[in-house]
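Presented below is the structure to which this report refers.
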4 protein chains.
Amino acid sequence: MTSTTSAGQERKAPGRPRSAQADEAILDAVLALMAEGQSAAAVSIESVAAKAGVGKATIYRRWPNKEALLIDAVRCMKGPLPALGGVSAREDLIALVTANRSNRAREYGIVTACLLPELQRDPELNRMHQAVMEPRRERMREILRRGVETGEFRADLDIHLTVLMLSGPSMMLGMFGDATGVPEQDFPEKLVDALLRGASA
Amino acid sequence: MTSTTSAGQERKAPGRPRSAQADEAILDAVLALMAEGQSAAAVSIESVAAKAGVGKATIYRRWPNKEALLIDAVRCMKGPLPALGGVSAREDLIALVTANRSNRAREYGIVTACLLPELQRDPELNRMHQAVMEPRRERMREILRRGVETGEFRADLDIHLTVLMLSGPSMMLGMFGDATGVPEQDFPEKLVDALLRGASA
Amino acid sequence: MTSTTSAGQERKAPGRPRSAQADEAILDAVLALMAEGQSAAAVSIESVAAKAGVGKATIYRRWPNKEALLIDAVRCMKGPLPALGGVSAREDLIALVTANRSNRAREYGIVTACLLPELQRDPELNRMHQAVMEPRRERMREILRRGVETGEFRADLDIHLTVLMLSGPSMMLGMFGDATGVPEQDFPEKLVDALLRGASA
Amino acid sequence: MTSTTSAGQERKAPGRPRSAQADEAILDAVLALMAEGQSAAAVSIESVAAKAGVGKATIYRRWPNKEALLIDAVRCMKGPLPALGGVSAREDLIALVTANRSNRAREYGIVTACLLPELQRDPELNRMHQAVMEPRRERMREILRRGVETGEFRADLDIHLTVLMLSGPSMMLGMFGDATGVPEQDFPEKLVDALLRGASA
DNA sequence: GTTTAAACGAGACGGTACGTCAAGTCTTTAT
DNA sequence: ATAAAGACTTGACGTACCGTCTCGTTTAAAC
C-alpha cells in the first residue's frame with residue numbers, strides 16, 4: 001500500500017478514514033481481472049474500478065498511477081517469506097525458490113514484465129518495486145552466506161551471481177512456460193541441484 | 001517481416017512495389033525512439049510514423065499491429081548467430097551468451113517484457129517471437145550436446161534446464177541491471193564458469 | 001439564507017449552535033472568488049469551502065446546492081431598495097435603475113446567467129430567485145403606476161413591458177459591457193430619458 | 001465553425017478531408033440535447049458524441065472546447081438576417097427583432113447565459129461570439145440610421161443605446177419568459193411601438 | 001506511351017483509457 | 001448537535017493512441 005503510514009507516533013488523521021474495504025476490493029479486482037483476462041493490458045483502471053464497485057478517484061487517492069497499483073498487486077501474489085528451519089542450505093534454497101514461484105507465478109511474470117519499462121523512468125516506482133523484490137533477494141543471500149560458512153557451498157562462491165542464477169531461470173520459466181522445454185514439475189529442486197552439482201564432467 | 005512473399009512461382013505483383021526505404025526508416029525510428037525514450041511505452045505507432053516520415057498506413061501495411069513491429073525491431077537488435085569455431089564448448093557458450101546480450105541488451109529486455117502479455121494470447125505473434133528466439137536456443141543446445149559428447153560436460157546434463165540457466169540470468173540482468181548487484185563486466189564468462197564449476201564445496 | 005430559523009417560538013436548539021461567522025465567511029468567500037476569478041464557473045463549492053476555512057458539509061447544511069448559494073450571493077450584491085422620496089417618477093426610476101446596477105453589476109449579470117439553466121428545472125430555486133428579483137420589479141411597477149396617476153407618464157402605458165424595457169437593457173449592458181458600444185457613464189439617466197422621450201421624430 | 005478556411009486561393013489540404021456529415025450530426029445532437037434536456041448543463045461533450053454517433057476526438061478536432069461548440073450551436077439557432085425591404089424603418093425593426101427571437105429563443109438565451117462567464121476570460125471565444133452577434137447589431141444600427149435620415153426617427157437618437165433597448169428586453173424575455181408578465185404574443189411589434197412612442201404623457 | 005493498380009504521406013474516423021476535477025453524500029473525531 | 005476534515009460515488013473534462021478509412025499523388029510494371 002502506498003498510504004502515508006507515518007513512522008513515528010501515528011497521530012490520528014482528521015476526517016473520514018480510508019475504507020479498508022475499498023483497499024481490498026481494488027486489489028481483489030486487479031487479481032481477478034488478471035486471472036480472467038490473460039493480459040496485463042486488459043487490466044485498465046476503469047475496469048478495475050468497475051469490478052471493485054469503486055470510483056476511479058478512490059483508486060487514484062491510493063496509488064499515483066496504474067503502475068504503482070500493479071506493483072502492489074504483485075506483492076499480493078507473492079507468498080510470505082518462508083521460514084528457514086531447513087536442515088541444509090540446499091533445502092532452504094529449494095523452499096525459497098518454491099515460495100517465489102507461488103500459485104500465481106505466471107501472472108506475476110506477466111505483470112512484472114509490463115511494469116519494467118516504467119520502472120526505468122520513475123524512480124519512485126522503482127523504489128516500490130525494490131521493496132517487494134529486495135527482501136527475497138536478501139533472504140537468498142543469507143542462505144548462501146550461511147551455506148558458505150557451514151562449508152556446504154564452496155568458499156569462493158559469487159553470492160550476487162548465484163542469486164541471479166536462481167531467480168533468472170525461475171522468472172524466465174514463469175514468462176515463457178512450456179516454450180522453454182522445461183517442465184514445471186519439481187523445477188525448484190532440479191534447479192538447485194543443477195546449480196550445486198555444476199555442468200562440467 | 002510479415003509481407004506475403006508467396007512461396008511458389010513468385011508472380012510479380014502489379015502496382016507500385018513497396019519501398020525498401022520505408023521498411024528501413026520505420027525500424028530505425030523504432031530503435032531511435034527506444035534509445036531516447038527509455039521506455040517501450042513511449043514507442044507509439046504515431047511517433048514511429050512521425051519520426052520515420054511515413055504514414056501510419058505504411059506501417060500497418062507491413063505489420064499487423066504494434067507488437068509485431070516491436071518483435072521485428074527486437075530481431076534487429078540481436079546480433080547474428082556467432083560461428084562456433086571455438087576450441088572448447090565453454091568458449092562457444094561464452095561467445096553465444098555474449099552475442100545474445102549485444103549492445104542493446106537493455107532495450108531488448110524491456111521490449112520483450114512489454115510483448116509478453118500479448119504473446120500469451122496471439123498465437124501468430126508467439127510464432128513470430130519464437131522465430132527470433134528458437135534458433136539461438138537451438139544453437140545453445142547444440143553446443144551443450146557437443147560438450148556432452150566430447151566429455152567436456154557431464155553425461156547426465158539436463159540440456160533444457162541448462163539453456164534456461166544460461167539465458168535466464170542474462171535476461172534478468174538485462175532487465176534489472178545494477179539492482180541485481182552483478183556487474184556487466186565479464187558477465188558471460190563468469191556465468192558460464194559458475195555454471196560449470198557448480199556451487200557445492 | 002435558507003437556514004431553518006423557525007418563525008414561531010424560537011426554541012433554543014440543542015447541541016453546538018451554528019456559527020454565524022461561518023455564514024458570513026462563506027458568502028464573503030463567494031464574493032471574493034467572483035471578484036478575483038472573473039468567472040462564475042471558477043466558483044466551486046470546494047474553493048469556497050477552502051477560502052472560507054469551512055467544511056463542505058457546513059455549506060450544504062445551509063444551502064441545498066450550489067445554485068442556491070449563488071442566489072444568496074447575488075442578493076448580497078444588490079444594494080437595498082432605495083427610498084422613493086424623489087420629486088418625480090423620472091427621478092425615482094433613475095434611482096432604482098442605479099441601485100439595481102450596483103457596484104457589482106458585472107458579477108451579478110454573470111452569476112444570474114449561470115443560474116438560468118437551473119432555474120428552469122428546479123421550482124424551489126426559481127422561487128428563491130424570484131424572491132430576490134420580484135421586490136425590485138414590483139417597486140418599479142409602483143413607480144410607473146404612480147407616474148401614470150400623476151400624469152407624468154402616458155395613460156396607456158404597458159407597465160410590464162416598460163419594466164422589461166428598463167431592466168433588460170441594464171442587464172444586457174452588465175453582461176456584455178463595452179461590446180454594446182454604450183458607456184456605463186450616466187447610463188440610468190440616459191436610459192430613462194430615452195424611454196420617456198421616445199424614438200419617433 | 002472553427003475550421004481554417006483560408007481566405008485566399010484555397011490550397012487543398014492534404015489528408016482525408018473532414019466529414020461534413022459529422023459536422024452536421026454534431027450540431028444536430030447539440031440542438032437535440034438542448035431541446036430535450038432543458039438545461040445547458042445537460043449538454044456534455046460525451047453525450048453529444050454519443051448522440052451524434054461520433055468519437056470525442058472528432059468534436060475536439062473541430063472545436064477547441066465545449067464553449068466554442070455551444071457558440072456554433074447558437075449560431076445555428078438564429079435565423080438568417082432578414083431582408084430589409086420594409087416600407088418603413090419601423091417595419092424593418094419589427095422584422096429584425098422577430099428574426100432574432102426565432103423559434104429557439106428560449107434555448108438561445110439559456111446557452112448564451114451559460115457561455116457568458118467564459119466569454120470574459122477567453123478572448124478567442126469572445127471573438128467567436130461577437131462574430132455571431134455583431135452582424136445583427138450592425139444591421140439594427142443601419143436601420144436606425146436610415147430611419148434618422150428619412151426623418152422617421154428623431155435626429156438626436158442615440159443609436160447604440162437604442163440597439164440595447166431593442167435587444168435587451170428581447171433577451172430578458174427569452175430568459176425569464178412568463179415571469180416578466182409580458183406575453184410573447186406580438187412582442188416585437190409592441191416593443192418597437194413602445195420605444196417609438198415614448199413613455200411620457 | 002499509355003494505362004492501371006498498388007503504395008505513398010497525410011490526416012480524419014470511431015473508440016478506449018488515461019489522469020484530473022467537481023458535485024453532493026457520508027463518516028469520523030473534536031468541540 | 002454541529003463543526004472541520006476528508007473519504008466516498010459519479011460522471012464530465014480534455015488528451016493520447018489504437019487500428020481503420022479516405023484523400024490526392026507517385027511509381028513502376030503491363031499493355
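Naming: A, B, ... by sequence-line order, numbering from 1 per chain.
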Query raised in the report: With nearest nucleotides of DNA chain E determined for D:Ala22 and B:Ala20 from heavy-atom distances, which residue corresponds to the more 5′ nucleotide?
Result: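 Nearer the 5' end of the strand: B:Ala20.
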Requested in this report: For A:Ser47, report the nucleic acid contact type (base, sugar-phosphate, nothing); a contact means any heavy atom under 4.0 Å.
Outcome: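 Nothing, no heavy atom under 4.0 Å.
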Query raised in the report: So, for C:Leu125 and C:Glu118, which heavy atoms are closest and what is the spacing to 0.1 Å?
Result: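 Smallest interatomic distance, heavy atoms only, reads CD2-CB, 3.8 Å.
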Query - Nearest atoms (heavy-atom pairs only) where A:Asp72 meets A:Trp63 - result: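 Result for this residue pair: OD2-NE1, 3.1 Å.
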What is the distance, rounded to the nearest whole Å, between atom [atom1] of [X] and atom [atom2] of [N]?
| X | N | atom1 | atom2 | answer |
| --- | --- | --- | --- | --- |
| B:Leu125 | F:dG19 | CG | P | 11 Å |
| A:Asn65 | E:dC18 | CG | P | 11 Å |
| D:Leu69 | F:dC13 | CG | P | 10 Å |
| D:Lys66 | E:dT20 | NZ | P | 21 Å |
| D:Glu67 | F:dG14 | CD | C1' | 12 Å |
| A:Asp23 | F:dA7 | CG | C1' | 12 Å |
| B:Trp63 | F:dT20 | CH2 | P | 15 Å |
| D:Ile45 | F:dT15 | CD1 | C1' | 13 Å |

Query - Residue-level proximity of residues 51-59 of chain D to DNA chain F when a heavy atom falls under 4.0 Å - result: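 The answer is D:Lys56.
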Report task. Could you check D:Pro14 against B:Arg16 and say which one's nearest nucleotide on DNA chain F is further toward the 5' end? Result ->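 Final value for this comparison: D:Pro14.
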Query raised in the report: For A:Arg61 and B:Val43, take the nucleotide of DNA chain F holding the closest heavy atom to each; which residue's nucleotide lies nearer the 5' end?
Result: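 Checking each residue's closest nucleotide, the 5'-ward one belongs to A:Arg61.
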Requested in this report: Applying side chain to side chain contact (heavy atoms under 4.5 Å, CB included) between B:Val48 and each of B:Val43, B:Leu70, B:Leu27, B:Asp28, report the one that passes.
Outcome: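 So the option named by the test is B:Val43.
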Query raised in the report: Can you check side chain to side chain contact (heavy atoms under 4.5 Å, CB included) on A:Glu67 and A:Asp122, steps first, answer last?
Result: CA-CA 10 Å; A:Glu67 285 72 34; A:Asp122 187 335; over 6 Å; no
Query - Under the side chain to side chain donor-acceptor pair (under 3.5 Å) test, residues paired with A:Gln21 that sit two or more places apart - result: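 Per chain and number, A:Gln21 pairs via side chain to side chain donor-acceptor pair (under 3.5 Å) with no residue.
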Query - Side-chain (C:Asn65) to main-chain (C:Ala68) donor-acceptor, under 3.5 angstrom - result: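 Yes.
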Query raised in the report: If you check every side-chain atom of B:Tyr60, which of F:dC23, E:dA23, F:dT20 has the closest atom?
Result: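 Of the candidates, F:dT20 comes closest.
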Query raised in the report: If you check the A:Arg62 side chain, which of E:dC8, F:dC8, F:dC13 turns out closest?
Result: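 The closest nucleotide is F:dC8.
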Return all side-chain donor-acceptor pairs below 3.5 angstrom for residues 51-59 of chain B, not counting sequence neighbours, or 'none' if the list is empty.
| from | atom 1 | to | atom 2 | distance (Å) |
| --- | --- | --- | --- | --- |
| B:Lys51 | NZ | B:Glu36 | OE1 | 3.1 |
| B:Lys51 | NZ | B:Glu36 | OE2 | 3.3 |
| B:Lys56 | NZ | B:Glu46 | OE2 | 3.0 |

